[in-house]
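Here the structure is laid out as structure tokens; the discussion comes afterwards.
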Amino acid sequence: KRGPNPVCIATRTATEGFSAVFEVPVPVVDFVVDTTAAGDSFNAGYIFARLNNNSPVKAAEFGSGCARVVIQHRGAIVAREDFLAGVER
């Protein structure tokens with residue numbers, strides 16, 4: 001929901017509440033075609049990365065990369081090979 005602005009992440013502990021806030025830059029996109037599913041794509045990438053033991057910052061970078069690929073295509077569904085090629089760049 002922040003467009004080209006950095007992703008904000010707040011972490012917390014069970015006992016101390018919020019412990020850190022990070023701003024993670026998002027990749028530049030030269031030409032946005034359709035923002036449908038951008039948030040869902042970010043969320044899926046973020047959760048995937050966290051489940052694979054990545055830090056919140058690395059997960060936000062991966063989620064942003066997923067969203068970057070999706071918004072450069074029309075509609076919410078991107079061909080698998082196009083998506084994987086875009087995320088691996």
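Sequential numbering from 1 along the given sequence is applied to the chain's residues. All values derive from a computational prediction rather than experimental measurement.
- Note: the hydrophobic cluster containing Leu84 also contains Val78 (ILVMFWY, side chain heavy atoms under 4.5 Å, direct or indirect links).
- A donor-acceptor pair is defined here as one N or O able to donate and one able to accept, closer than 3.5 Å; no such pair exists between the side chain of Asn54 and the backbone of Arg50.
- Of all non-hydrogen atoms in Gly65 and Val87, the two that sit nearest each other are O-CG2, 4.5 Å.
- Residues Ala38 and Val70 approach most closely at N-CG1, 4.5 Å, considering heavy atoms.
- Interatomic distance, Asp34 CG to Gln72 CD, rounded to the nearest 0.5 Å: 12.0 Å.
- When every heavy atom of Thr36 is checked against every heavy atom of Ala76, the shortest pair comes out as CG2-CB, 3.7 Å.
- Here Phe42 contributes atom CZ and Cys66 contributes atom SG; the two are 9.5 Å apart, rounded to the nearest 0.5 Å.
- Between Phe62 and Phe48, the distance separating the two ring centers is shorter than 6.0 angstrom.
- With rounding to the nearest 0.5 Å, the separation of CZ in Phe83 from OG in Ser41 is 6.0 Å.
- Atom CG of Asp82 and atom CZ of Arg80 lie 12.0 Å apart (nearest 0.5 Å).
- The side-chain heavy atoms of Phe22 and Val7, taken from C-beta on, include no pair separated by under 4.5 Å.
- In this structure, the side chains of Pro56 and Tyr46 come closer than 4.5 Å at one or more pairs of heavy atoms.
- Heavy atoms of other residues, nucleotides or ligands lying less than 6.0 angstrom from CZ of Arg2 number more than 12.
- Considering only heavy atoms from C-beta on, His73 stays 4.5 Å or farther from Val33 through its side chain.
- Distance check, rounded to the nearest 0.5 Å: CZ of Phe31 to CD1 of Ile71 gives 11.0 Å.
- Here CD1 of Ile9 is found 7.5 Å from OG of Ser55. Values are rounded to the nearest 0.5 Å.
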